[in-house]
Structures are given as C-alpha cells and as structure tokens.
2 protein chains.
Amino acid sequence: MRSDCPVSYALDFFGDKWTFLIVRDLVEGKKFYKDFLNSKEGIATNILSDRLKKLERNGIVESKVYEKLKTQKEYALTEKGKDLIPLLIEMMVWSDKHHTGLAVNPDFIRRANTSREELISAIRLRLD
Amino acid sequence: MRSDCPVSYALDFFGDKWTFLIVRDLVEGKKFYKDFLNSKEGIATNILSDRLKKLERNGIVESKVYEKLKTQKEYALTEKGKDLIPLLIEMMVWSDKHHTGLAVNPDFIRRANTSREELISAIRLRLD
DNA sequence: CCGCATCCCTATAGATACTG
DNA sequence: CAGTATCTATAGGGATGCGG
C-alpha cells in the first residue's frame with residue numbers, strides 16, 4: 001500500500017491492464033479459466049493465473065471445484081467483488097460517452113443513467 | 001486499443017498505478033506539477049511528466065501558462081476529465097467499505113450514498 | 001535555485017512455449 | 001484443462017540535464 005488514500009488503495013488492486021477485465025468477465029457470468037482465456041483481449045495464461053490468485057487472496061473472487069466436471073475450477077465473485085459493479089458501470093458510461101464505436105448496449109446506458117440502483121440490483125441478482 | 005469493450009477502453013487509459021492518481025489530485029484542486037509531485041504516494045518526475053502528456057493528448061487534461069507566475073504551467077480537467085468524478089467516487093466508496101483505516105471523510109461517503117448527483121455537481125462546481 | 005524533462009538502469013508485467 | 005518456465009518488453013525509480 002502506497003498511502004491511506006482510498007483511490008490509491010483501489011489502484012493497488014486494479015492498477016493494471018488485466019485485473020479488472022477478469023472482474024468484468026465474472027460480472028458477465030463467465031466462470032471458468034478457459035472462459036477468461038478466450039476473452040477477446042487475449043490474456044496470457046501466466047497473467048490470468050496470477051490475477052486469479054491475487055483476486056482470491058484479496059477476497060474479491062472465490063473458487064471451488066466444479067461438481068459436474070471435477071477437473072475444472074469454478075470462479076465466482078464474493079460480496080466484495082459484487083460491490084465493484086457500480087465501478088464497472090461508471091467505466092462503461094464514461095467510455096461510451098467519450099468514445100464512439102464501442103460495443104455498448106444503448107439500453108444499458110439508459111438504465112445506468114435513469115435507474116442506476118435498479119440496474120445494479122438486476123446484475124447482482126443474475127449472479128446469485 | 002485491445003478490443004471494442006468499454007471497460008477495456010477505460011483500462012487502456014487508466015490501467016496503471018499512476019494516471020488516475022493525477023486525476024484524483026486534479027479533482028482535489030491541485031493544479032501544478034509540483035503539487036502532483038508532492039502527493040504522498042511519491043510519483044517519479046519522469047512518470048508524472050509522461051502521464052500529464054498522455055492525459056493531455058487524450059483530452060482529459062488541458063494546460064496553460066500560469067499568468068501569475070509564467071514559469072509554471074497550470075493544469076485543469078476538461079469536461080471529459082470531470083466526467084471521471086463518478087468513477088472516482090465509486091472507487092472511494094468501495095475502498096472505504098472494504099478496508100478500514102483509510103483516510104476517508106465519513107460525510108463524503110454518506111453524501112455519495114444518499115445524494116450522489118448532488119455530490120457530483122458540488123465537486124464539479126468547485127472546479128470551475 | 002526552481003520547474004520540469006530526459007537518461008539510464010532495474011524490477012516487474014506480459015507473450016510464447018512448454019508441462020503435470 | 002489449468003497452469004509453470006522462460007524469455008522479452010515496458011513501467012518505473014533515481015540521477016542528471018537544462019532553461020528560466
């Protein structure tokens with residue numbers, strides 16, 4: 001930790017190009033190592049492995065053996081992880097507003113701007 | 001740009017340990033190179049210089065000669081930069097909720113949770 | 001001196017190849 | 001499938017440079 005500033009604290013976790021993309025994938029419902037690996041940004045296996053461990057160590061993600069296929073691990077967001085949904089939404093809203101051509105659902109942005117809390121709840125529910 | 005995902009787009013800017021701390025400083029009202037340099041995290045001069053250029057190139061920050069002391073440059077957030085305030089707030093709320101001992105004003109968090117839009121407007125106003 | 005930019009070197013992030 | 005090992009590129013720290 002570089003300082004007691006809350007922004008700095010958050011950046012100590014997410015101040016890199018990959019960690020938050022895994023959170024995004026989890027919010028989108030992805031659960032398995034191979035799903036994260038196949039995301040279009042193309043994360044390297046060592047980075048993915050490292051970040052999953054870091055996320056788990058810090059209580060943002062938890063994993064368990066996938067019952068239906070025991071060779072796979074199933075990853076999920078903890079409550080601390082789900083509390084990142086608002087941050088994710090703000091990132092999407094900002095990017096959409098200031099850059100054209102991004103893959104953003106207009107309805108999503110509308111809901112973020114008009115019924116924010118409801119949108120957050122809906123996303124949370126989907127994850128349970 | 002790694003993909004057309006809005007989260008990825010935002011991380012292409014802010015996916016490092018320093019860029020967003022400068023935004024934080026600007027939101028707190030800091031204006032000069034030396035102010036950023038003196039922030040408690042201790043940024044190096046080459047990194048600061050590099051990030052200020054990057055922020056300016058990307059339309060998040062603008063600079064002009066400081067009229068009262070022409071040897072100094074005065075930095076300020078553009079509209080695109082000010083639109084990062086909600087993101088900043090969410091980072092603070094999340095960090096405060098999940099880590100004790102951070103320097104966060106409880107009243108700030110209360111306002112973020114109860115009268116978010118008002119808080120955003122108030123911060124914006126302070127910057128004009 | 002002061003304010004900032006550049007240089008150089010090390011540490012770490014990340015890409016590719018490989019393995020239990 | 002889910003990682004580790006190895007190698008390379010880049011970020012970042014500290015010193016130094018340079019124009020007021």
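For clarity, every value in this text was computed on a predicted model and none was experimentally measured. We name chains A, B, ... by the order of the sequence lines, and we start the count at 1 in each one.
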Using the ring of each side chain (for Trp, its six-membered ring), is A:F13 parallel, tilted or perpendicular to A:Y9, with breaks at 30° and 60°?
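Answer is perpendicular, since the angle exceeds 60°.
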Has A:K31 got more than 12 heavy atoms of other residues, nucleotides or ligands less than 6.0 Å from its NZ?
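Incorrect, the count does not exceed 12.
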Within the 3.5 Å criterion, strictly below it, is a donor on A:T78 or A:E62 matched to an acceptor on the partner's side chain?
no
Counting any heavy atom closer than 4.0 Å, what does A:K70 reach on the DNA or RNA strands: base, sugar-phosphate only, or nothing?
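Since no nucleic acid heavy atom lies under 4.0 Å of A:K70, the category is nothing.
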In whole angstrom, what separates [X]'s [atom1] from [N]'s [atom2]?
X: B:D35; N: C:dC2; atom1: CG; atom2: P; result: 15 Å
X: B:L69; N: C:dC1; atom1: CG; atom2: P; result: 18 Å
X: B:L52; N: C:dA5; atom1: CG; atom2: P; result: 8 Å
X: A:F36; N: D:dA2; atom1: CZ; atom2: P; result: 10 Å
X: B:L37; N: D:dG14; atom1: CG; atom2: C1'; result: 12 Å
X: A:Y75; N: D:dA2; atom1: OH; atom2: C1'; result: 8 Å
X: B:F32; N: C:dG3; atom1: CZ; atom2: C1'; result: 12 Å
X: A:E56; N: D:dA2; atom1: CD; atom2: P; result: 13 Å

Any [X] side-chain N or O less than 4.0 Å from OP1/OP2 of [N]:
X: B:K73; N: D:dG20; value: no
X: A:Q72; N: D:dA2; value: yes
X: B:S49; N: C:dA5; value: yes

Check: A:S95 and B:V7 side chains under 4.5 Å, non-hydrogen atoms
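No, every pair of side-chain atoms sits at 4.5 Å or beyond.
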Base, backbone or nothing for each nucleotide of nucleotides 13-20 of chain C, written B, S, -, heavy atoms under 4.0 angstrom, 5' to 3'?
SBBBB---
Using a strict cut-off of less than 4.0 Å between a Lys/Arg side-chain nitrogen and an Asp/Glu carboxylate oxygen, indicate whether [X] and [Y] qualify as a salt bridge.
X: B:E41; Y: B:R24; value: yes
X: B:E28; Y: B:K40; value: no
X: B:K53; Y: B:E56; value: no

